[in-house]
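Below you'll find the structure, written out as structure tokens, and then a few comments.
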Amino acid sequence: MNLAWILLFLPLAVAAANQLILKKTGLAPLISTASALGTFALAVMLLGKNATSHFAWATLGDFSINIGIKLDQLSTGMMIVVTGIGLLVHIFSLAYMKEDAAKARYFTSLSLFMFSMTGIVLADNFIMTFIFWELVGLSAFLLIGHWYQKDSAADAAKKAFLCNRIGDFGFMVGILMLWGITGHLGFDQMKSGLAAFQAANPAIFSSVLSTAVLCIFCGAVGKSAQLPLHVWLPDAMEGPTPVSALIHAATMVAAGVYMLFRLQFTLGFDAFEGLQASALIAWTGGITALVAALMATQQDDIKRVLAYSTLSQLGYMVMAVGLVHGEAGMFHLFTHAWFKALLFLGSGAVIYACHHEQDIWKMGGLLKKMPITGFTFLIGFAALIAVPYTSGFFSKEQILEAAHEKEPILFWIAAVVAVLTPFYMTRLYVVAFLGKNRSENASHAHEVGPLMLGPLVILAVLGVIAGFPFVASKFAPAYLQPEHLVHLGFVTYVSVGALAIGVLTGFVVYAGKEKDPISIPLLQNRFYIDGFYDNFIVRYFQDTFASIIAFFDEWVINGLIVNGLSRSAESLGNRFRLVQSGSLQGYAFVFGVGVLIVVYFIVFGR
């Protein structure tokens, strides 16, 4: 277990050393990258281990809050994802951020994020999970707002922070409810506590558990950017592109799915069968997948297309968890992490080569200019749209099978998403990589260096093989190996048919086009959800409430209580100060009057 504790605290130690000692020496990027390599090596060494260890962090009477580590296939497999992609992002960042004046702060924030995410994955209780859950939010705030000099980046960081706080309030309530239901906060003890509660309260068991699970789900809605708290993720693309690969593809946004599956795994899958909360979770995921895919079809920023794609794929995962087929959701989390990190880092290479141009309509012809980047991006594209025998195909098939078995309507929603995904990704690839150069930046683009290409090649290989049983059975956090690698049935025919329709439609519509032939303002403006939040929720609720609080603070707290009491004391002091005239005759007169008053009360007061 000593290795597990080192795995947890090594990134924190490096972050502290960078901030306090190394940030002015130029060594911070190298030390952070070395620590990422160390954590990946430790994660590989711990893969498949089963053990627990904890210490008391705070004690009050019989109540104790523990910091503990739980090693099992779920946590150790997830650590392969976190540390593996974390390492590749660190290496990519060495080149991508080499000219950034604040790269020491950037790598310090990366190490802090690695510490925070590791704490969520290894936690053996909900209190520790919540502590590191909040640390992940802080780390993401620092990374998204790295270029805080830009108003858009600073606003995006605040938006991500606040959206997550809304979800986290429900998460905290859910943790407290589970504590009340089971009498425990540790994962290993909660199942027995739940059984005891069910035996004692059979009439209210389902409704109470549903309420607690939905509150817990609020945390996942924030972290995994599900409707209606999805609005922070696309704006978070204002941060450096490697951050998007780490946070918005593989780790932070996947934390909600991981946490939900850990909850199911802890309480027992039978407890979630037929639960109203499970149905709501599944429908939230399905609707998010559809809405996000529709939005992606009309985005021109290469990173925003991938951001909405991430929302859509997270919707698939959440839907699978809601259908109580969490293994399928976690398998898709595992495969998606590799190919989506590949796509984000590939987009980063493109942006870097095009002098930070992000509009796909100002690119074009990049496959000739950047053949290795273009080919690896094509592999990630193939895995995302579920081309047969890529990793995404195997994991998405399991989700579609689960939906077809449990909820046919959700299956057809997922099938529509399976058409939209290849459509918008074909649009992206045809416009950005094929055809002719559409701008000066694109015409001068060239292949990036080995520090960027190396992670792309590794991720491209994993984007193909990660779904095969010889990889998934050993490294995936959760995986149910099917009887046949590919089962030719109704679901597979629908999946492949959706793929063909999406790719062919996207190619026919966008091949050779100089501008977008389709214009749908509803989708371009993201169903006006952001506008509704900004112009209604913020203006009429947040701003109004803020004005009331400001008035109360200024005129009641400061004006009446604080300043009122201080002015009263000052006024009373001024009155008494008049007595201090400095005149001996005046003092003698007052003294005489006082003596007379005393004599009067002594003589006549009886």
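Numbering of residues begins at 1 and proceeds along the displayed sequence.
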Review point. Rounded to the nearest 0.5 Å, how far apart are CD of Glu134 and CD1 of Ile120?
Key: 9.0 Å
Practice item. Give the intermediate values and the outcome of side-chain contact (heavy atoms from CB on, under 4.5 Å) for residues Ile385 and Thr390. Key: CA-CA 9 Å; Ile385 66 175; Thr390 61; over 6 Å; no
Review point. Do Thr284 and Phe217 have side chains that get closer than 4.5 Å, going by heavy atoms?
Key: yes
Check your understanding: How about His356 and Asn441: does a side-chain donor come under 3.5 Å of a side-chain acceptor?
Key -> no
Review point. Are Asn437 and His444 close enough, and set up right, to give a side chain to side chain donor-acceptor pair (under 3.5 Å), and what steps lead you there?
Key: CA-CA 9 Å; Asn437 306 134; His444 290 113; over 6 Å; no
**Study point:** For the student: nearest non-hydrogen atoms of Tyr429 and Gly374, plus distance
**Key:** OH-O, 2.9 Å
Check your understanding: Would you find more than 12 non-hydrogen atoms of other residues, nucleotides or ligands less than 6.0 Å from Phe265 atom CZ?
Key -> no
**Study point:** Nearest-0.5 Å distance, CZ of residue Phe126 to CD1 of residue Ile216
**Key:** 4.5 Å
Study note, to complete from the structure: Heavy-atom nearest pair, Val231 first then Cys163, reads CG2-SG, 3.8 Å
Check your understanding: Do the side-chain N and O atoms of Ser152 and Glu238 include a donor-acceptor pair separated by under 3.5 angstrom?
Key -> yes
Practice item. Indicate the atoms forming the closest heavy-atom contact of Ala445 with Met370, along with that distance. Key: CB-SD, 4.5 Å
Check your understanding: Among Gln524, Arg526, Arg427, whose side-chain hydrogen bond (donor to acceptor under 3.5 Å, both in side chains) with Gln298 holds?
Key -> Gln524
Check your understanding: Has the side chain of Thr376 got a donor or acceptor atom that lies under 3.5 Å from a matching backbone atom of Thr373?
Key -> yes
**Study point:** Chi angles and distances behind the ring pair (Phe, Tyr, Trp, His ring centres under 6.0 Å) call for Phe261, Phe269
**Key:** CA-CA 9 Å; Phe261 185 73; Phe269 297 105; 5.8 Å; yes
Practice item. Would you please test Ile85 and Trp338 for side-chain contact (heavy atoms from CB on, under 4.5 Å) and show each step? Key: CA-CA 7 Å; Ile85 291 180; Trp338 307 110; 3.5 Å; yes
Point to revise | Residues Asn164 and Trp133: side-chain donor-acceptor under 3.5 angstrom | key: no
Point to revise | Pairwise distance CE(Met237) to CD1(Ile302) - rounded to 0.5 angstrom | key: 12.0 Å
Expected list for residues 307-330: side-chain donor-acceptor pairs under 3.5 angstrom, two or more places apart:
residue	atom	partner	partner atom	Å
Ser309	OG	Lys340	NZ	3.0
Ser309	OG	Tyr424	OH	3.3
Thr310	OG1	Leu306	O	2.9
Thr310	OG1	Lys340	NZ	3.2
Ser312	OG	Ala289	O	2.8
Gln313	OE1	His332	NE2	2.8
Tyr316	OH	Ala414	O	2.8

Point to revise | Residues Gln276 and Ser206: side-chain donor-acceptor under 3.5 angstrom | key: no
**Study point:** Check: Gln299 side chain, Met295 main-chain N or O, donor-acceptor pair, under 3.5 Å
**Key:** yes
Point to revise | Electrostatic pair Lys159:Asp530 at N-O distance under 4.0 angstrom | key: yes
Review point. Are the side chains of Leu246 and Leu88 in touch, meaning some heavy atoms are under 4.5 Å apart?
Key: no
Exercise for review: Please report the closest heavy-atom contact between Ala282 and Leu410, naming both atoms and the distance.
Suggested key: CB-CD1, 3.8 Å
Review point. Are any side-chain N or O atoms of Arg262 and backbone N or O atoms of Tyr258, one a donor and one an acceptor, separated by less than 3.5 Å?
Key: no
Practice item. Decide, yes or no, whether a salt bridge links Glu357 with Arg438 under the criterion of side-chain N to carboxylate O below 4.0 Å. Key: no
Run the side-chain donor-acceptor check on residues 344-351: report pairs under 3.5 Å with partners two or more places apart or on a different chain.
residue	atom	partner	partner atom	Å
Ser347	OG	Phe344	O	2.6

Exercise for review: Could you check whether the rings of His90 and Phe107 sit parallel, tilted or perpendicular, using 30° and 60° as the cut-offs?
Suggested key: tilted
Check your understanding: Taking the six-membered ring for Trp, are Phe532 and Tyr528 ring centroids under 6.0 Å apart?
Key -> no
Exercise for review: Check whether any side-chain heavy atom of Tyr106 sits under 4.5 Å from a side-chain heavy atom of Tyr96, and report yes or no.
Suggested key: no
Check your understanding: Do we see a donor-acceptor contact under 3.5 Å between the side chains of Thr335 and Ser395?
Key -> yes
**Study point:** Point-to-point distance, once rounded to the nearest 0.5 Å, from CG of Leu229 to OG of Ser224
**Key:** 11.0 Å
Practice item. Determine, stepwise, if the pair Glu397 / Ser495 fulfils side chain to side chain donor-acceptor pair (under 3.5 Å). Key: CA-CA 8 Å; Glu397 287 301 290; Ser495 176; 2.7 Å; yes
Point to revise | Check against side-chain contact (heavy atoms from CB on, under 4.5 Å), Lys369 and Met363 | key: CA-CA 11 Å; Lys369 299 282 186 178; Met363 297 178 184; over 6 Å; no
Point to revise | More than 12 heavy atoms from other groups under 6.0 Å of NZ on Lys513 | key: yes
Check your understanding: Do Phe381 and Leu378 pass the side-chain contact (heavy atoms from CB on, under 4.5 Å) test, and can you show the C-alpha distance, the side-chain angles, and the key distance before you say yes or no?
Key -> CA-CA 5 Å; Phe381 159 40; Leu378 180 63; 3.5 Å; yes
Exercise for review: Determine yes or no for a side-chain-to-main-chain donor-acceptor pair under 3.5 angstrom, with Ser439 supplying the side chain and Lys362 the backbone.
Suggested key: yes
Check your understanding: Is the shortest heavy-atom distance from the side chain of Glu405 to the side chain of Phe411 under 4.5 Å?
Key -> no
Check your understanding: Shortest non-hydrogen contact from Leu366 to Cys354?
Key -> CD2-SG, 3.9 Å
Point to revise | Test of ring centre spacing under 6.0 Å for Phe423 and Phe507 | key: no
Point to revise | Side-chain heavy atoms of Pro517 within contact of Val509, under 4.5 Å | key: yes
Check your understanding: How many angstroms lie between atom CH2 of Trp283 and atom OG1 of Thr288, to the nearest 0.5 angstrom?
Key -> 12.5 Å
Exercise for review: Taking the side chain as every heavy atom from C-beta outward, state whether Phe113 and Leu138 have any pair of such atoms under 4.5 Å apart.
Suggested key: no
Review point. Atom CD1 in Ile549, atom CD in Glu554: separation rounded to 0.5 Å?
Key: 13.5 Å
**Study point:** Sidechain N-carboxylate O distance under 4.0 Å for Arg304, Asp235
**Key:** yes
Point to revise | Considering all heavy atoms, the nearest Leu342-Leu456 contact | key: CD1-O, 3.4 Å
Review point. Would you say Trp361 has more than 12 foreign heavy atoms packed within less than 6.0 Å of its CH2?
Key: yes
Practice item. Tell me, please, which residues at least two apart from Thr129 pass side chain to side chain donor-acceptor pair (under 3.5 Å). Key: none
Check your understanding: Do other residues, nucleotides or ligands put more than 12 heavy atoms under 6.0 Å from Phe527 CZ?
Key -> yes
**Study point:** Residue pair Val416 / Trp412, side-chain heavy-atom distance below 4.5 Å
**Key:** no
**Study point:** Pairwise side-chain contact, Asp168 with Lys223, heavy-atom cut-off 4.5 Å (strictly under)
**Key:** yes
Check your understanding: Do Ser443 side-chain atoms and Glu440 backbone N/O form a donor-acceptor pair below 3.5 Å?
Key -> yes
